[in-house]
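The structure's right below; bear with me while I get my questions together.
Basis for what follows: all heavy atoms, side chains included, without hydrogens, waters or symmetry-related copies. Each chain gets a letter, A, B and so on, in the order the sequences are listed, and its residues count up from 1.
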Protein chains: 2
Amino acid sequence: MNKAEILVIDDEPQIRKLLEIILESNDYKVWQAETGKEGLIMAANHPPELILLDIGLPDRSGHEILKDLRTWYNKSIIILSVQNSEEDIVRALDTGATDYLTKPFRTNELLARIRSCIRKNNTDDSKSIFIFDELQIDFLSRIVKKNETILKLTSTEYNLLGLFARNEGRVLTHQFILKEIWGVGYQTETQYLRVFVGTLRKKIEDNPNDPKHIITESGVGYRFN
Amino acid sequence: MNKAEILVIDDEPQIRKLLEIILESNDYKVWQAETGKEGLIMAANHPPELILLDIGLPDRSGHEILKDLRTWYNKSIIILSVQNSEEDIVRALDTGATDYLTKPFRTNELLARIRSCIRKNNTDDSKSIFIFDELQIDFLSRIVKKNETILKLTSTEYNLLGLFARNEGRVLTHQFILKEIWGVGYQTETQYLRVFVGTLRKKIEDNPNDPKHIITESGVGYRFN
DNA sequence: TAACCTTCTTTATAATTTCTTTATATTTTC
DNA sequence: GAAAATATAAAGAAATTATAAAGAAGGTTA
């Protein structure tokens, strides 16, 4: 449970299959999109931890997809490409690519770069373990403990708690949270959020009726302590 | 204007000179270290925005220097190496390298990767905190503290306080405040304002009967100190 | 394939918080 | 001191949030 999710956007079925095998055997959950358009929709509906993007897509140039993604998606995007031209690399990196690998890539290098990117996503403070009193969140192993007992969280619950933890002390608006966890297009579904905050509180709070960690800021959003 | 500072740790003088020329002509301030030990000291004394580290250093393996740096340095470290072995790359990335480039590197690609890394460093939002004696307003986190204690404000109260704070020392008319907070069409509802000024004073003033922050300007409006 | 389980989505309703309004007290201004 | 303006308290209305639970979707197992 709580596998990190990776979205692969590539038009070649063999590459997708290869990546699926590699990634799943390394304990990632893999989503696949065949076209840039499909990829954009999937990313928006379900923001992954990392995106592997083929720059040579048939429908729109991968560069355009990258630009589109970067208008709202702020986690890592690794570019895969048969192109090895300096111009292409510079362009991709300047559009916001996190990394650029040329095909054929080396499996272990790809995995190491993925690990590095995911680490970066989660360590805005270069920390991988967050401790809030009796609560302990380990972003590397994706394990949450309360008083040394491992909590069973669904992946949405985990993502939500992670977002809260990385923004400790800050009021997060409903819209922001919905966008980050469910994707653009879900910004009005505040009831989702209420339900999930409810289940999270039941799991992490000593007294869910008088929460100490997830504080309601009525009319605005929530704040995590 | 402040140039971003880059520390180059490399034992080859030619490479250092080359990097110096490239980087300075691209408006970076360059620091140079010849050995790993020297690099560690320089980085500690004057933490740069980014470190370029040669992995094949004579005194200690670059991997060890990297590991050492990562115990406290959390900005970007780009590895430069003549080595192109997968094992080496994986090891460096897993020890916390931000990126890995093989020598000879392509100038523009290096610059693009540097830009990408520095961009990432600077994404943590610079804080915008207003302080009025014992009162502290953080507009980014949307949090108001009085003597380090977080105040619980409704969103209207927060908006009103924010308006006051941004117009410190200025007399704001009832009409202006009502228009800003409640919108046009509410300019005559001065009673709203009285009620909310009342609740705000109860929360932020030491003695609400003798307010020091929100001053009544009878017949005109209010002024915030 | 069916039965089962988990998780997510949706609906209904209860509880709480915030806002608006009214009444009355207090202060300021002239 | 009287009129005007401001402050406070509190009740009712409205909006927002919380909770429970049913239905739907997806995956797993026998």
Side-chain angles (χ1 to χ4, degrees), chain A residues 1-3 5 20 24 29-32 42 45-47 142 144 151-161 164 171-175 177-178 180-183 185-205 207-224, chain B residues 142 144 151-161 171-175 177-178 181-183 185-205 207-224:
Chain A
M1 68 167 215
N2 286 334
K3 292 180 180 180
E5 302 185 356
E20 184 188 337
E24 292 200 333
K29 169 112 184 84
V30 180
W31 299 93
Q32 301 184 26
M42 288 179 81
N45 284 335
H46 195 89
R142 298 175 75 86
V144 179
L151 296 184
K152 188 164 161 46
L153 300 185
T154 72
S155 83
T156 307
E157 287 163 358
Y158 173 83
N159 290 337
L160 184 58
L161 179 60
F164 277 137
V171 176
L172 305 180
T173 65
H174 300 129
Q175 290 198 355
I177 300 170
L178 286 162
E180 290 294 315
I181 306 298
W182 282 268
Y186 285 75
Q187 273 109 329
T188 55
E189 301 284 357
T190 36
Q191 182 58 17
Y192 282 20
L193 193 46
R194 296 206 184 96
V195 172
F196 276 87
V197 164
T199 63
L200 248 188
R201 277 180 177 151
K202 267 192 212 151
K203 293 182 180 180
I204 68 171
E205 300 281 1
N207 179 6
N209 300 321
D210 178 22
K212 293 282 174 284
H213 288 298
I214 305 179
I215 310 297
T216 301
E217 298 282 348
S218 197
V220 188
Y222 296 91
R223 177 169 50 84
F224 188 79
Chain B
R142 204 189 173 283
V144 180
L151 297 185
K152 189 160 167 46
L153 301 185
T154 73
S155 73
T156 307
E157 287 162 0
Y158 173 83
N159 292 338
L160 184 57
L161 179 60
V171 177
L172 305 180
T173 64
H174 300 131
Q175 290 198 358
I177 300 170
L178 285 162
I181 305 298
W182 282 268
Y186 285 76
Q187 273 109 329
T188 55
E189 302 283 358
T190 36
Q191 181 57 17
Y192 282 20
L193 193 46
R194 296 207 182 95
V195 171
F196 278 87
V197 165
T199 63
L200 247 188
R201 277 179 176 152
K202 265 193 214 153
K203 293 181 181 180
I204 69 171
E205 301 281 2
N207 179 6
N209 300 321
D210 178 21
K212 292 282 175 284
H213 288 298
I214 305 179
I215 311 298
T216 302
E217 298 283 352
S218 198
V220 188
Y222 296 91
R223 178 168 49 83
F224 186 80

Exercise. Identify the residue among T173(A), I177(A), L200(A), I215(A) that makes a side-chain contact (heavy atoms from CB on, under 4.5 Å) with Y222(A).
Key: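 Passing option: I177(A).
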Quiz item: Under the salt bridge (charged side-chain N to carboxylate O under 4.0 Å, His left out) test, which residues partner E189(B), sequence neighbours left out?
Solution: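 Per chain and number, E189(B) pairs via salt bridge (charged side-chain N to carboxylate O under 4.0 Å, His left out) with no residue.
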Practice problem: Find the distance H46(A):NE2 to dT7(C):P and express it as a whole number of Å. | Solution: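 Atom NE2 in H46(A) sits about 14 Å away from atom P in dT7(C).
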Quiz item: Looking at residues at least two apart in the chain, or sitting in another chain, which of them share a ring-ring contact (aromatic ring centres under 6.0 Å, His included) with Y192(B)?
Solution: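 Listed in chain order: W182(B).
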Quiz item: Does K152(B) have any salt bridge (charged side-chain N to carboxylate O under 4.0 Å, His left out) partners at least two apart in sequence or in another chain, and if so, which?
Solution: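 K152(B) satisfies salt bridge (charged side-chain N to carboxylate O under 4.0 Å, His left out) with no other residue.
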Self-check item: Net bend of the helix from dT1(C)-dA30(D) to dC30(C)-dG1(D), end axes of five pairs each, nearest 10 degrees
Solution: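 End axes: 30° apart.
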Self-check item: Whole-Å distance separating the CD1 atom of I214(B) from the C1' atom of dA7(D)
Solution: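 From I214(B) CD1 to dA7(D) C1': 13 Å.
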Practice problem: Compare side-chain N and O positions of T156(B) against OP1 and OP2 of dT18(C) and report whether any pair is under 4.0 Å apart. | Solution: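 It does not, given that no N or O in the side chain of T156(B) lies less than 4.0 Å from OP1 or OP2 of dT18(C).
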Quiz prompt | Interatomic distance, L178(B) CG vs dT6(D) C1' [rounded to whole Å] | solution =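 Going from CG in L178(B) over to C1' in dT6(D) covers 14 Å.
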Quiz item: Any side-chain N or O of Y192(B) less than 4.0 Å from the OP1 or OP2 oxygen of dT21(C)?
Solution: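 Result: yes.
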Quiz item: What residues form a side-chain hydrogen bond (donor to acceptor under 3.5 Å, both in side chains) with N207(A), not counting sequence neighbours?
Solution: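 So N207(A) forms no side-chain hydrogen bond (donor to acceptor under 3.5 Å, both in side chains) with any residue.
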Quiz item: Given atom NZ of K203(B) and atom P of dA7(D), what is their separation to the nearest angstrom?
Solution: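 Between P of dA7(D) and NZ of K203(B): 17 Å.
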Quiz item: Could you give the CG-to-C1' distance, from L160(A) to dT7(C), as a whole number of Å?
Solution: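 L160(A) atom CG is separated from dT7(C) atom C1' by 15 Å.
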Practice problem: Among the candidates dT21(C), dC8(C), dT10(C), find the nucleotide nearest to the side-chain atoms of E189(B). | Solution: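 When the side chain of E189(B) is considered, dT21(C) is the closest of dT21(C), dC8(C), dT10(C).
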I'd like a table of atom pairs between the protein and nucleotides 13-22 of chain D - only N or O on both sides, under 3.5 Å - with the distance next to each one.
unit_1  : atom_1 : unit_2  : atom_2 : d
dT16(D) : O3'    : G219(A) : N      : 3.3
dT17(D) : OP1    : G219(A) : N      : 2.5
dT17(D) : OP2    : R194(A) : NH2    : 2.9
dA18(D) : OP1    : R201(A) : NH1    : 2.7
dA18(D) : OP1    : T216(A) : OG1    : 2.5
dA18(D) : OP2    : Y222(A) : OH     : 2.6
dT19(D) : OP1    : N209(A) : OD1    : 3.3
dT19(D) : O4     : Q191(A) : NE2    : 2.6
dA20(D) : OP2    : K202(A) : NZ     : 3.2

Self-check item: Set of side-chain hydrogen bond (donor to acceptor under 3.5 Å, both in side chains) partners for Q175(B), sequence neighbours left out
Solution: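 None.
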Quiz item: NZ of K3(A) versus P of dG26(D): gap in Å, rounded?
Solution: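 Spelled out: NZ on K3(A) to P on dG26(D) is 18 Å.
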Quiz item: Checking E205(B) side chain against I214(B) main chain: does a donor-acceptor pair fall under 3.5 Å?
Solution: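 Pair found, side chain donor or acceptor close to backbone of I214(B).
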Quiz item: With sequence neighbours excluded, what pairs up with H213(B) under the side-chain hydrogen bond (donor to acceptor under 3.5 Å, both in side chains) test?
Solution: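 For H213(B) the side-chain hydrogen bond (donor to acceptor under 3.5 Å, both in side chains) partners, ignoring immediate neighbours, are E134(B).
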Quiz prompt | Protein-nucleotide distance (D210(B), atom CG; dT26(C), atom C1'), rounded to Å | solution =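 One finds 15 Å between C1' of dT26(C) and CG of D210(B), rounded.
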Quiz item: Which salt bridge (charged side-chain N to carboxylate O under 4.0 Å, His left out) pairs, counting each pair once, include a residue from residues 190-204 of chain A, with sequence neighbours left out?
Solution: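 Non-adjacent pairs meeting salt bridge (charged side-chain N to carboxylate O under 4.0 Å, His left out): E157(A)-K203(A).
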Quiz prompt | Whole angstrom value for the distance that separates C1' of dG27(D) from CH2 of W31(A) | solution =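 Computing the W31(A):CH2 to dG27(D):C1' distance gives 11 Å.
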Quiz item: Taking only side-chain nitrogens and oxygens of W182(B), does any of them come within less than 4.0 Å of OP1 or OP2 of dC19(C)?
Solution: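 Result: no.
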